[in-house]
Amino acid sequence: MTELRTSRMGWEKELAPVYILGIETSCDETAAAVVRDGEVAVSNIIASQISIHRRYGGVVPEVASRQHLEKITDVVEAALTGAGLCLADLSGVAVTVGPGLIGALLVGVAAAKAYAYALKIPLLPVHHLEAHLFANFLTHPELEPPLVTLIVSGGHTSLVLVRERLAYEILGATRDDAAGEAFDKVARLLGLPYPGGPNLDVLATGGDPRAIAFPRAWLGGNSLDFSFSGLKTAVRNYLIHDHAARPEDVAASFQAAVAEVLVEKLLTAARTTGVGQIALAGGVAANSAIRSLLLSRAKEEALACFIPPRELCTDNAAMVACAGYHYFLAQRHAPLEQEAFANYPLVPRTDSFPRRHALLTEQ
Ligand code: KG4
Ligand code: ZN
């Protein structure tokens, strides 16, 4: 490796820029991107499979894997062309190794291994939730931990204390449905097509968020865990019993209930840990009601608040490459035997939960 880096470690700034190729195939987007020095997405290519999965009303795992396989090489080539670079310019290949659909992940991991092996450059194994959170570091390279991040996606709702760039503690998580899952299920109840979340967001713009008082699951005290299945059932019951309900009002009221719980728990986590910086990440962070409520509440509480632009909230490979850059700096390389993992905790559970308990009882 020729690059002598980095300014963050206090050394003289660079001999050459570090270009990391990121690859993301954990669900239904085949994505590749090149990020320079962990700060600039010089290309960010996404081949979406939405039109294919829409006819089934959701992601069909086998179809997703096949699509990734068909698209991956073209998408990587487009990322390089878009960046005006060739393979030899790359310093490392970052890839999402989990969690996600196993067949889908395997396509990205196999491709990344092939590039790393052929180019003799490091393979950088990134966790999908970690990648989401790094969308914030990509957008704000000056951001220095600690920060408390709420990662809300189709599969996860996690409150994470970021102590350092690659050191995390889980403060809270959902006990049942993930926030994105709740959006998608309620969207389906409202007859909206896949992908439900963004369609519900659009429908809600014409509704009254105070029209229906849907329940908020606080789970007692200062709990930092979440639960969305009761809310989903409440919406279903409401729709069964009140046929005259305006779908716009149901969407807006449901969204307001989710937004309030997510935002208040993120603020509680900031208070509990005494950390003054908060961030949002993951596909659900694209939601307009959640974004605006968080910004206004953070202002009231005098917290520094970071939210990536919408296109970096939903799955993309620029966030993977940004996280991979920090693996590169830390020399955390993966062997070519690297596996993909459908279930993959961000931090080992044994580490996380005792520490989390200690943290909360310190108060
Ligand atoms: O992070 P992501 O792209 O993929 C996963 O890692 O799961 O998140 C996808 C989730 C889906 O549940 C989708 O409905 C939701 O994010 N989502 C939204 C919005 N955009 C995406 N939910 C609410 N409002 C949105 N604008
Ligand atoms: Zn995601």
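Note that these values count all heavy atoms, side chains included, but never hydrogens, waters or copies made by symmetry. Start at 1 and go down the list; that is how both ligands and their atoms are numbered.
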[atom] [closest protein heavy-atom partner, distance rounded to 0.1 Å]:
| atom | value |
| --- | --- |
| atom 10 (C) of ligand 1 | Gly154 N, 3.5 Å |
| atom 3 (O) of ligand 1 | Asp315 N, 3.1 Å |
| atom 20 (N) of ligand 1 | Gly283 O, 3.4 Å |
| atom 15 (C) of ligand 1 | Val284 CG2, 3.9 Å |

Check: [X] N/O within less than 3.5 Å of ligand 1 N/O:
| X | result |
| --- | --- |
| His128 | yes |
| Asp201 | yes |
| Phe183 | no |

Under 4.0 Å, heavy atoms only, figure out whether ligand 1 is touched by the backbone of His156, its side chain, both or neither.
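Looking at His156 and ligand 1, no heavy atom falls under 4.0 Å.
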Give the contacting part of Arg310 toward ligand 1: side chain, backbone, both or neither, where contact means a heavy-atom distance below 4.0 Å.
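No part of Arg310 comes within reach of ligand 1.
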Option with minimal heavy-atom separation from [atom], where the choices are [options]:
| atom | options | answer |
| --- | --- | --- |
| atom 22 (N) of ligand 1 | Ser153, Gly197, Pro99, Ala179 | Gly197 |
| atom 19 (C) of ligand 1 | Pro198, Gly180, Ala178, Gly100 | Pro198 |
| atom 23 (C) of ligand 1 | Ile290, Asn287, Asn316 | Asn287 |
| atom 14 (O) of ligand 1 | Asn199, Val59, Asp184 | Asp184 |

Identity of the N, O or S atom of Asp315 lying closest to the Zn ion (ligand 2)
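The Asp315 atom nearest to the Zn ion (ligand 2), restricting to N, O or S, is OD1.
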Atom CG of residue position Asn343 - does it have more than 12 heavy atoms of other residues, nucleotides or ligands inside 6.0 Å?
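For Asn343, atom CG is not crowded (no more than 12 foreign heavy atoms under 6.0 Å).
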Gln255: heavy atom below 4.0 Å from ligand 1, yes or no?
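The answer is no: ligand 1 sits nowhere under 4.0 Å from a heavy atom of Gln255.
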With a 4.0 Å cut-off on heavy atoms, is Gly155 touching ligand 1?
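Judged by the 4.0 Å heavy-atom criterion, Gly155 does count as contacting ligand 1.
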I'd like to know whether Leu190 forms a side-chain contact (heavy atoms from CB on, under 4.5 Å) with Leu200, so could you lay out the CA-CA distance, the side-chain angles of the two residues, the decisive distance to 0.1 Å, and finally the verdict.
CA-CA 8 Å; Leu190 288 167; Leu200 192 148; 4.1 Å; yes
Any chance you could pull the hydrophobic cluster mates of Val60, using side-chain heavy atoms under 4.5 angstrom and chaining through other members?
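Grouped by the 4.5 Å side-chain rule, Ile52, Tyr56, Val63 form the rest of the cluster around Val60.
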Within 45 degrees of the ring normal and closer than 6.0 Å to the centroid, is that where the cationic atom of Arg165 sits relative to Phe137?
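Relative to the ring axis of Phe137, which defines the angle, Arg165 lies inside both limits.
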Is Arg332 close enough and on-axis enough to Tyr327, meaning under 6.0 Å and within 45°, for cation-pi?
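Yes, a cation-pi geometry holds between Arg332 and Tyr327.
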Looking at the Zn ion (ligand 2), is one of the N, O or S atoms of His128 less than 2.8 Å from it?
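It does; at least one qualifying atom falls short of 2.8 Å.
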Taking both backbone and side-chain atoms into account, decide whether His132 has an N/O/S atom under 2.8 Å from the Zn ion (ligand 2).
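Yes.
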Under 4.0 Å between a side-chain nitrogen and a carboxylate oxygen: does that hold for [X] and [Y]?
| X | Y | value |
| --- | --- | --- |
| Glu337 | Lys113 | no |
| Lys185 | Glu181 | yes |
| Glu301 | Arg297 | yes |

CA sep, side-chain torsions, deciding dist, call: Phe214, Tyr238, ring-ring contact (aromatic ring centres under 6.0 Å, His included)
CA-CA 9 Å; Phe214 285 129; Tyr238 189 87; 5.7 Å; yes
Is there a donor-acceptor pair closer than 3.5 Å between any side-chain N or O of Ser26 and the backbone N or O of Gly100?
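No, Ser26 side chain to Gly100 backbone: no donor-acceptor pair under 3.5 Å.
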Can you check whether Val160 reaches Leu346 side chain to side chain, under 4.5 Å on heavy atoms?
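Contact flag for Val160/Leu346 side chains = yes.
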